[in-house]
Undergrad: 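Next up is a structure, given as structure tokens.
Source: prediction; values computed, not measured.
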Amino acid sequence: QAKGFTEAALFYHQGESLFAQRQFQQAYESFSKALQLKQDPEAQTFTRLRQAEAAVGSNNFDAAVISYKTLIQLSPANQRFQVGLAMAYIGKKDFAAAMSILNPAIAQRPTAAAHYARALAYFSTGDRAASKQDLDLAIRAEPNNPVYRQLEQMMNQPGADARTKASSKP
């Protein structure tokens with residue numbers, strides 16, 4: 001960038017580096033810059049996905065909702081985009097909106113990610129039994145997923161309730 005390079009790929013790769021360092025807000029800004037520049041449609045879609053994921057990571061849930069909705073317009077059946085949108089809604093504490101996405105997605109094609117997202121929504125609303133059922137399905141499908149195991153540990157803590165835990169983020 002200091003040498004005058006301003007191509008979308010530069011900002012995309014900068015965003016990836018920042019994302020890997022868990023600097024999600026800066027990654028979001030880099031991905032946003034990349035989206036303002038010319039890219040082929042496939043690269044633009046993937047950059048928007050990474051922008052949405054960085055927005056969730058930085059708790060910028062409104063921006064994540066906008067990005068995921070744009071992605072869903074391009075590919076309405078893409079469950080990764082649907083689950084991402086649901087996670088953004090969970091972050092906004094709009095659990096009804098998240099469930100309105102997750103329930104049909106799981107009915108159509110149950111995946112570990114969708115079950116995890118629904119488990120997180122249930123946990124966040126205090127429905128531990130439903131949360132455990134979905135989390136068990138997610139863990140059965142991907143037993144080594146550390147994110148799923150983290151929610152399992154939270155659920156197993158005495159008196160665990162996501163509504164009272166500041167640390168329970170999607």
Undergrad: What's the shortest heavy-atom distance between Leu102 and Ala114, and which atoms?
TA: CD2-O, 4.0 Å
Undergrad: Between the side chains of Gln157 and Gln153, does any donor sit under 3.5 Å from an acceptor?
TA: no
Undergrad: CE/Met87 to CG/Leu85 distance, rounded to the nearest 0.5 angstrom?
TA: 11.5 Å
Undergrad: According to a 4.5 Å side-chain heavy-atom criterion applied to Ile, Leu, Val, Met, Phe, Trp and Tyr, with indirect links allowed, do Phe46 and Ile66 form part of one hydrophobic cluster?
TA: no
Undergrad: Are any side-chain N or O atoms of Thr125 and backbone N or O atoms of Tyr122, one a donor and one an acceptor, separated by less than 3.5 Å?
TA: yes
Undergrad: Is there a chain of hydrophobic side chains (I, L, V, M, F, W, Y, each step under 4.5 Å between heavy atoms) that links Ile101 to Tyr68?
TA: yes
Undergrad: If you measure from the Lys or Arg side-chain nitrogens to the Asp or Glu carboxylate oxygens, is any gap between Asp136 and Arg140 under 4.0 Å?
TA: no
Undergrad: Determine whether Asn145 and Ile139 make a side-chain contact, defined as any pair of heavy atoms from C-beta on separated by less than 4.5 Å.
TA: no
Undergrad: What distance separates Arg109 CZ from Gln79 CD, expressed to the nearest 0.5 Å?
TA: 4.5 Å
Undergrad: Please report the shortest heavy-atom distance between Met99 and Pro104, naming the atom on each side.
TA: O-CD, 4.0 Å
Undergrad: Drop me the distance from Arg80's CZ to Leu49's CG, to the nearest 0.5 angstrom.
TA: 4.5 Å
Undergrad: Hydrophobic cluster membership, with links at side-chain heavy-atom distances under 4.5 Å among I/L/V/M/F/W/Y: are Val83 and Val147 in one?
TA: yes
Undergrad: Under the 3.5 angstrom rule, does the side chain of Ser75 hit a backbone N or O of Leu71 as a donor-acceptor pair?
TA: no
Undergrad: Looking only at side-chain N and O atoms, does Glu152 offer a donor or acceptor that is under 3.5 Å from a partner on Tyr148?
TA: no
Undergrad: Which pair of non-hydrogen atoms, one from Ala138 and one from Ala112, has the smallest distance, and what is that distance?
TA: CB-O, 3.5 Å
Undergrad: With distance as the sole test, does Gln39 use its side chain to make a donor-acceptor pair with the main-chain N or O of Ala34 at under 3.5 Å?
TA: yes
Undergrad: Would you say the ring centers of Phe95 and Tyr89 fall short of 6.0 Å from each other?
TA: no
Undergrad: Of all the heavy-atom pairs spanning Pro76 and Gln82, show the shortest one and how long it is.
TA: O-NE2, 2.8 Å
Undergrad: With no hydrogens and no angle check, do the side chains of Asn103 and Arg118 hold a donor and an acceptor under 3.5 Å apart?
TA: yes
Undergrad: Taking a hydrophobic cluster as the set of Ile, Leu, Val, Met, Phe, Trp and Tyr residues connected by side-chain heavy atoms closer than 4.5 Å, whether directly or through intermediates, do Ile106 and Tyr116 fall within one such cluster?
TA: no
Undergrad: Side-chain contact test, heavy atoms from C-beta onward, threshold under 4.5 Å: evaluate it for Gln14 versus Leu10 and give yes or no.
TA: no
Undergrad: Determine, stepwise, if the pair Phe31 / Tyr12 fulfils side chain to side chain contact (heavy atoms under 4.5 Å, CB included).
TA: CA-CA 5 Å; Phe31 292 131; Tyr12 169 81; 3.7 Å; yes
Undergrad: For Gln108, I'd like to know if atom CD has over 12 heavy atoms of other residues, nucleotides or ligands within 6.0 Å.
TA: no
Undergrad: Does Pro143 reach the side chain of Arg149, with side-chain heavy atoms less than 4.5 Å apart?
TA: yes
Undergrad: Should the ring pair Phe24 and Phe19 be called parallel, tilted or perpendicular, given that the plane angle runs from 0 to 90° and is split at 30 and 60?
TA: perpendicular
Undergrad: If you measure from CG on Asn78 to CD1 on Ile72, what distance do you get to the nearest 0.5 Å?
TA: 8.0 Å
Undergrad: Write down the atom of Ser131, the atom of Ala119, and the distance for their closest heavy-atom approach.
TA: OG-O, 2.8 Å
Undergrad: Should Val56 and Val65 be regarded as members of a common hydrophobic cluster, given that ILVMFWY residues are connected when their side-chain heavy atoms come within less than 4.5 Å of each other, either directly or indirectly?
TA: yes
Undergrad: When rounded to the nearest 0.5 angstrom, what distance separates CD in Gln36 from OG1 in Thr47?
TA: 12.0 Å
Undergrad: Give me the atom names and distance for the closest heavy-atom approach of Leu35 to Gln51.
TA: CD1-OE1, 3.4 Å
Undergrad: Can you establish whether the number of heavy atoms outside Glu42 located under 6.0 Å from its atom CD is more than 12?
TA: no
Undergrad: Enter the distance from Lys92:NZ to Phe61:CZ here, rounded to the nearest 0.5 Å.
TA: 9.5 Å
